Amino acid sequence: MNRSFTYFSKIKGNFLKTPSPNLHLGFGFCPHNTFLPSRIHSNSSSNAHNDKHPQSINQKVNNLDDALNLFDEMTQRRPLPSIIKFTQLLQSVTKMKHYSHSLNLFKQMCLLRVPLDKFTMSIVIKCCCQLHRTKDGFAALGFCFRRAIVPNVFIFSALLDGLIIEDRILEAEIFFKKLIKEKLCEPDVVMYNTMIKGLCKISNNVIAISLLKLMDERGCKPDVVTYSTVIDSLCKDKLIDEAFKLFKEMVFQKGISPDIITYNSLIDGLCKLGRWDEASKMLQEMLDDGISPDVQTFNILVDAYCKEGKVKEAEDVINIMLKRGILPDLVTYNSLIDGYCLRGEMSKAKSVFDSMEFRGIFPDVVTYNSLLNGYCKSLKIEEAMNLFHEVTRKGLKPDVVTHNTMIHGLFRVGHCGDARKIFDEMLAKGLKPDENTYRIILEGLCNNHKIEEALSLFHLMGDGKLNSDIVVYTILIEGASKCGKLDDATALFQDLINKGLHPNVKTYTVMISGLCREGIVQDAKQLFLQMAESGCPPDNVTYNVLLQGYLKNKHYDDVEMLLEKMDELGYSLDVSTLSLLIDSIAAGSLDTAMSTLIRKLVPDELMDSPSWPYDVFS
DNA sequence: CACCACACGT
């Protein structure tokens with residue numbers, strides 16, 4: 001939700017020069033913290049720092065059970081092992097991402113009166129933050145102050161990351177500035193990288209880059225993480241050329257070598273834009289650099305092929321990874337399942353799904369959501385419903401996406417009441433509907449001719465984000481005009497302009513389509529011409545929509561000009577426009593001489609169709 | 001003994 005909808009105010013101006021508002025981030029005691037004892041007696045003589053059995057404690061722990069057993073063993077020893085041994089163990093559990101377990105161990109350490117230090121506290125705070133309990137992290141900071149543990153850059157970075165994890169980017173920025181201004185700590189490269197990550201998370205690439213420059217000026221050299229963070233963000237925003245600019249700066253000006261993450265980000269960015277040649281060039285460059293592709297590299301390729309519907313090629317990639325000794329993982333199979341679903345090949349999707357368990361890879365909620373979406377798209381609503389309930393039976397938690405998908409599916413088959421039930425179920429489970437939920441509901445209502453309900457829901461939603469969401473407006477405009485309520489559509493269009501929102505290509509296109517449907521071709525043409533002026537030039541779809549409008553309304557004068565323009569732009573005709581054109585030629589309404597032009601505008605895929613009436617053009 | 005970056009779902 002962060003990238004597509006920047007509801008956060010963009011951070012403008014110079015990063016460190018804005019005055020920082022007073023910060024109330026819980027430096028004091030937090031009454032809600034659940035794991036810190038209110039007071040810990042220091043008892044340094046009884047748990048001295050000397051270890052009687054250091055060797056067994058030094059054994060490596062590679063799994064959670066070993067770690068927990070070792071911890072239990074350590075707690076039995078007298079004297080207790082040193083804080084360092086405990087902290088090392090805490091760190092290994094944390095590295096395994098068992099943050100809740102880490103906090104439990106910490107709680108036991110507190111009860112055992114192990115004296116805590118800043119190392120322990122930074123790990124504990126990190127655990128809180130990673131668990132989306134940044135509030136508890138700040139409570140732990142208060143605990144540090146009371147215990148005369150002076151927080152340092154490690155602790156502050158963990159907290160900063162916590163704010164960012166919770167999408168509290170503005171607070172993160174304020175916190176970061178406060179740390180510098182009040183000289184609470186001098187940020188290191190990691191802290192800068194964390195702040196840059198936060199800025200990137202809200203697509204604020206410009207400020208992210210200026211912070212990158214600023215850290216350099218302040219004597220903190222950006223590293224491969226700094227650059228990779230920004231490069232990845234630029235790639236995600238499809239600003240691939242800017243990403244490469246930064247990549248070159250990193251390599252040639254700063255002499256920093258890219259690593260596998262840098263390459264993966266760039267390859268992903270190129271693949272997602274369909275720039276396959278450059279992607280494979282990049283892959284080669286990576287190999288030449290002595291870096292072997294990892295499971296993520298392959299997953300990027302698998303996913304990209306799947307999204308293009310080329311599941312066969314995706315399967316080939318999987319075979320290559322197997323040959324290279326890299327095992328496909330959950331993400332690989334999730335992409336593959338999604339690929340089959342996209343093609344409507346549900347039995348293949350299902351068989352991949354069924355094979356996963358056999359391979360020792362267990363479906364997660366994402367797997368289920370993809371499969372669920374597949375059934376919904378194929379209108380197999382009964383199977384979808386069964387799958388929806390299976391999620392819970394398998395011990396997984398259906399999330400917002402699961403519910404959104406199910407609601408969408410029910411609307412598709414016209415089961416509006418059932419959709420409502422799932423929505424209520426979602427609320428009852430304490431899940432928070434997001435903008436997608438509301439879009440799906442609004443669109444579902446529109447498609448089921450319940451435009452009034454959609455409009456009243458829209459007005460009910462009142463203030464915020466959704467009422468200023470161009471996608472929502474577009475849905476409603478389309479819905480209204482399809483329900484024959486062009487007046488409502490026009491009013492909505494005017495309304496969004498009044499709010500200072502910018503219609504996008506889709507908005508204009510549905511409006512043009514609506515006008516054409518009512519036979520108001522002149523206004524449609526007017527709006528079409530307005531698009532380029534507004535810096536939002538019509539796309540392939542717009543041209544097809546307008547053409548259809550002209551043909552259906554027997555407005556033949558502008559057809560040829562429009563076709564020529566399409567040819568110039570490299571656009572193509574879709575099937576229904578083409579068939580209308582053929583009908584018009586056949587009926588003698590259009591000049592047969594236009595056939596040559598029309599033929600140029602037919603995409604190759606359509607020419608392969610055996611049912612194609614070639615004779616029209618001969 | 002501690003803090004940061006990449007892949008999948010509406």
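None of the values given here were measured: they were computed from a predicted structure.
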- Query: Counting side-chain heavy atoms from C-beta on, which of B/dC4, B/dT10, B/dC1 comes nearest to A/Asn373?
  - Reply: B/dT10
- What is the distance, rounded to the nearest whole Å, between atom CG of A/Asn193 and atom P of B/dA5? 9 Å
- Once you round it to whole Å, what is the distance between P of B/dT10 and CG of A/Leu410? 17 Å
- Note on the structure: Looking only at heavy atoms, the pair that brings A/Arg77 and A/Pro81 closest together is CD-CG, 3.8 Å
- Item | Secondary-structure string, 5' to 3', Watson-Crick or G-U under 3.5 Å, | for another-strand partners, for DNA chain B | ..........
- Query: Given atom NZ of A/Lys377 and atom P of B/dT10, what is their separation to the nearest angstrom?
  - Reply: 8 Å
- Message: When you compare the ring of A/Phe119 with the six-membered ring of B/dC1's base, are the centres less than 5.5 Å apart and the planes under 30° from each other?
- Response: yes
- Task: Compare all side-chain heavy atoms of A/Ile164 with those of A/Cys129 and state whether any distance is below 4.5 angstrom.
- Result: no
- Item | Nucleotide B/dC4, atom C1' - distance to NZ of A/Lys126 in whole Å | 9 Å
- Which nucleotide, B/dA7, B/dT10, B/dA2, lies nearest any side-chain atom of A/Ser122? B/dA2
- Per atom distances to the A/Val366 side chain, the nearest of B/dT10, B/dA7, B/dC8 is B/dC8
- Counting side-chain heavy atoms from CB outward, which of B/dA2, B/dC8, B/dC4 is closest to A/Val225? B/dC4
- Message: From the set B/dC8, B/dC4, B/dT10, return the single nucleotide nearest to any side-chain atom of A/Thr405.
- Response: B/dT10
- Roughly how many Å is it from CZ in A/Phe388 to P in B/dT10, rounded to a whole number? 16 Å
- Side-chain N,O (A/Gln130) to OP1/OP2 (B/dC4) below 4.0 Å: yes
- Query: Which nucleotide sits closest to the side chain of A/Asp223: B/dT10, B/dC8, B/dC4?
  - Reply: B/dC4
- What's the closest nucleotide to the A/Asp188 side chain, out of B/dC8, B/dC3, B/dT10? B/dC3
- Query: Within less than 4.0 Å of OP1 or OP2 of B/dC8, is there a side-chain N or O belonging to A/Lys272?
  - Reply: yes
- Nearest-Å distance, CD1 (A/Ile361) to C1' (B/dC8)? 13 Å
- Among B/dC6, B/dC4, B/dC8, which nucleotide sits nearest the side chain of A/Asp161? B/dC4
- Item | A/Met121 CE to B/dC3 P, straight-line distance once rounded to whole Å | 14 Å
- Item | Side-chain donor/acceptor of A/Gln88 to base of B/dC1, under 3.5 Å | no
- Going by atom types only, do A/Asn373 and A/Thr405 share a side-chain donor-acceptor pair under 3.5 Å? no
- Query: Does A/Gln91 put a side-chain nitrogen or oxygen below 4.0 Å from OP1 or OP2 of B/dC3?
  - Reply: yes
What pairs of donor and acceptor atoms, side-chain ones from residues 98-106 of chain A against any protein atom, are under 3.5 angstrom apart with sequence neighbours left out?
from: A/Ser102; atom 1: OG; to: A/Thr94; atom 2: N; distance (Å): 3.4
from: A/Ser102; atom 1: OG; to: A/Thr94; atom 2: OG1; distance (Å): 2.9
from: A/Ser102; atom 1: OG; to: A/His98; atom 2: O; distance (Å): 3.4

- Determine whether A/Asp329 and A/Asn299 make a side-chain contact, defined as any pair of heavy atoms from C-beta on separated by less than 4.5 Å. yes
- Between the side chains of A/Thr226 and A/Asp223, is a donor N or O closer than 3.5 angstrom to an acceptor N or O? yes
- What nucleotide, of B/dC8, B/dA2, B/dC4, holds the atom closest to the side chain of A/Lys197? B/dC4
- Hey, mind stepping through A/Lys429 and A/Glu425 against salt bridge (charged side-chain N to carboxylate O under 4.0 Å, His left out) and telling me if it holds? CA-CA 6 Å; A/Lys429 287 175 190 162; A/Glu425 208 176 289; 3.3 Å; yes
- Could you check if a side-chain atom of A/Met385 sits within less than 4.5 angstrom of a side-chain atom of A/Ile422, using non-hydrogen atoms only? yes
- Is A/Thr229 side chain donor-acceptor paired with the B/dA5 base, going by distance under 3.5 Å alone? no
- Give a yes or no on whether a donor-acceptor pair under 3.5 Å exists between the nucleobase atoms of B/dA2, that is its base, and the side chain of A/Asn152. yes
- Message: Taking the minimum atom-to-atom distance to the side chain of A/Val331, which one of B/dT10, B/dC4, B/dC8 wins?
- Response: B/dC8
- Item | Given A/Tyr368, A/Tyr333, A/Tyr375, the one that forms ring-ring contact (aromatic ring centres under 6.0 Å, His included) with A/Phe353 | A/Tyr368
- In whole Å, what is the span from the CD atom of A/Glu435 to the C1' atom of B/dT10? 11 Å
